[in-house]
Amino acid sequence: MVKLTPPMGWNSWNTFGENINEKLIFETADAMVEAGLPRMGYEYLVIDDCWSLRERDENERLVPDPGKFPNGMKAVADYVHSKGLKFGMYSCAGNLTCAGYPGSFEHEFIDAETFAQWGVDFLKYDYCYHSPIIHGQYLYRRMGLALENCGRDILFSACSWGADQTHEWIKTSAASMWRSTGDIFDTWESVKDLVKQQEKLHPYNGVGCFNDMDMLIVGMYGNGNVGLKGCSDVQYKTHFSIWSLLGSPLMIGCDVRSMTEETKKILGNEELIRINQDSACRQAYKLQGIWAGDDMLIYARQLENGDLAIGLFNMSEEKAVARFNLDEVGLGFSTGKTLEMKEVWSGESIKVKNATVSRELAPFDCEVFRAKVVDL
Ligand code: GLA
């Protein structure tokens, strides 16, 4: 299946881990619709690890845990589809999944067929317990082929965390997104770490196969499976802004049944989602900036209609100034042009003077602009 913009949806892992069941999934589907998430683009509801029994059946098929999913997976898929959402599941390229349930190794075609029969639209494919003698590229190509030939459109979401130089071969599989980082945790340090891991990988993002910086922690506030210290709302706002601007898939990880107003506001920023889903899917790039320390990140990206998206991210606990010269985005004084920039959180508009942008940011805060090229 070909997906032309970064996938969006919800995944059970960050908050629920192994504590998943039919009731939770039905309530989540209801809550996603009630919050208007599908309208904003969040279309996939994905069940992560821990959904099956520990053994396959006598026909080598995976079996949903009847204690968690008493009516089987087709019933879950039907309910999710009845809400206008698409349904995602999880497996692994190894003998076991990361949590120790049966993986799809040497069962790729039979599992793809099973997922298709259940009505699955999305498969996250992990990399734990894989064979040490078969390189990942062959395992992901194999499942990619199995999905492409299973008779149903299933989005292939590769999750090998960037291991074994994933960026060099992942586009030879049928993957529409690939985990370019290790696992996220609900702390500011984890967000900073993943952003850093991503820096060398910007050139590998692009139409049809998106760098996946992992599921969002927005709105977790330290609760749930990967909840540690938690983050503040301003940190969640900056986390969401970076993921959006860099073109990562946007998979919500909090409990959507109990989102705060601030969480809804962050996840529902339409301008940012429009930037994230921009049809050109061009590579984002880092600006050097002027006197920018390691904790002041400036990223830009050319958009489909000639606009630029520009983000200023203060990753530190002190207020700081973000400065850059328009030469870095391809403009400059001699062009006779400048930028008219509209900030996506405050709505503030500014016209850049003297080819220099200079903005003060509160601790952990950010500004993201959609900028138009205009006459000086
Ligand atoms: C790995 C993945 C996570 C999650 C867990 C499930 O750690 O990277 O996103 O799927 O496995 O066990």
Side-chain angles (χ1 to χ4, degrees), residues 6-21 24-25 28 44-54 62 64-65 68-69 73 87-105 111 115 120-131 136 139-140 143 147 154-167 170 173 175-187 189-191 193-198 201 210-220 223-228 239 243 248-255:
M8 293 173 65
W10 176 87
N11 175 299
S12 59
W13 183 253
N14 279 3
T15 294
F16 298 99
E18 64 178 354
N19 300 313
I20 46 173
N21 55 57
L24 168 75
I25 299 305
T28 297
Y44 289 98
L45 183 162
V46 182
I47 298 181
D48 209 279
D49 204 350
C50 310
W51 57 267
S52 77
L53 284 181
R54 299 266 177 192
L62 291 166
D65 182 339
K68 294 175 178 173
F69 298 99
M73 283 305 176
F87 179 51
M89 289 191 69
Y90 165 101
S91 189
C92 184
N95 288 311
L96 298 172
T97 70
C98 297
Y101 294 82
S104 288
F105 183 54
D111 287 356
F115 291 132
V120 169
D121 308 298
F122 177 115
L123 183 72
K124 173 172 170 181
Y125 204 51
D126 223 327
Y127 200 41
C128 287
Y129 300 104
H130 63 272
S131 162
L139 299 174
Y140 280 87
M143 187 45 118
L147 292 173
I154 300 185
L155 189 152
F156 187 25
S157 163
C159 180
S160 56
W161 331 294
D164 299 333
Q165 307 294 321
T166 310
H167 58 281
I170 195 61
S173 75
S176 296
M177 57 195 265
W178 65 282
R179 269 283 293 285
S180 48
T181 61
D183 284 16
I184 198 164
F185 293 91
D186 187 13
T187 65
E189 291 69 32
S190 173
V191 169
D193 180 37
L194 298 194
V195 171
K196 218 185 190 96
Q197 289 182 33
Q198 194 59 21
L201 297 171
F210 302 98
N211 291 18
D212 174 11
M213 297 171 69
D214 205 359
M215 284 95 63
L216 300 165
I217 49 163
V218 178
M220 289 186 62
N223 297 307
N225 188 42
V226 306
L228 296 174
H239 154 54
W243 266 234
S248 174
L250 300 175
M251 302 299 289
I252 298 170
C254 68
D255 185 345

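Hydrogens, waters and symmetry mates are skipped; everything else that's a heavy atom, side chains included, is used. For ligands, and for the atoms within them, numbers begin at 1 and follow the listed sequence. The shown structure was predicted, so the numbers you read here are calculated from the model rather than taken from an experiment.
- Under 4.0 Å from any atom of ligand 1, one finds heavy atoms of residues W13, D48, D49, Y90, C98, A99, K124, D126, C159, W161, R179, D183.
- With sequence neighbours left out, Y127 forms a ring pair (Phe, Tyr, Trp, His ring centres under 6.0 Å) with H130, Y140, W161.
- Disulfide status for C98 with C128: present, SG atoms under 2.5 Å apart.
- The aromatic rings of W178 and H167 sit tilted, their planes meeting at an angle between 30° and 60°.
- With hydrogens and angles left out, the side-chain atoms of Q198 and S180 include a donor and acceptor closer than 3.5 Å.
- Pairs engaging residues 6-15 under the side-chain hydrogen bond (donor to acceptor under 3.5 Å, both in side chains) rule: N11-D48 [sequence neighbours left out].
- Partners of D164 according to the salt bridge (Lys or Arg N to Asp or Glu O under 4.0 Å) rule, which considers only residues two or more places apart in sequence or in another chain, do not exist here.
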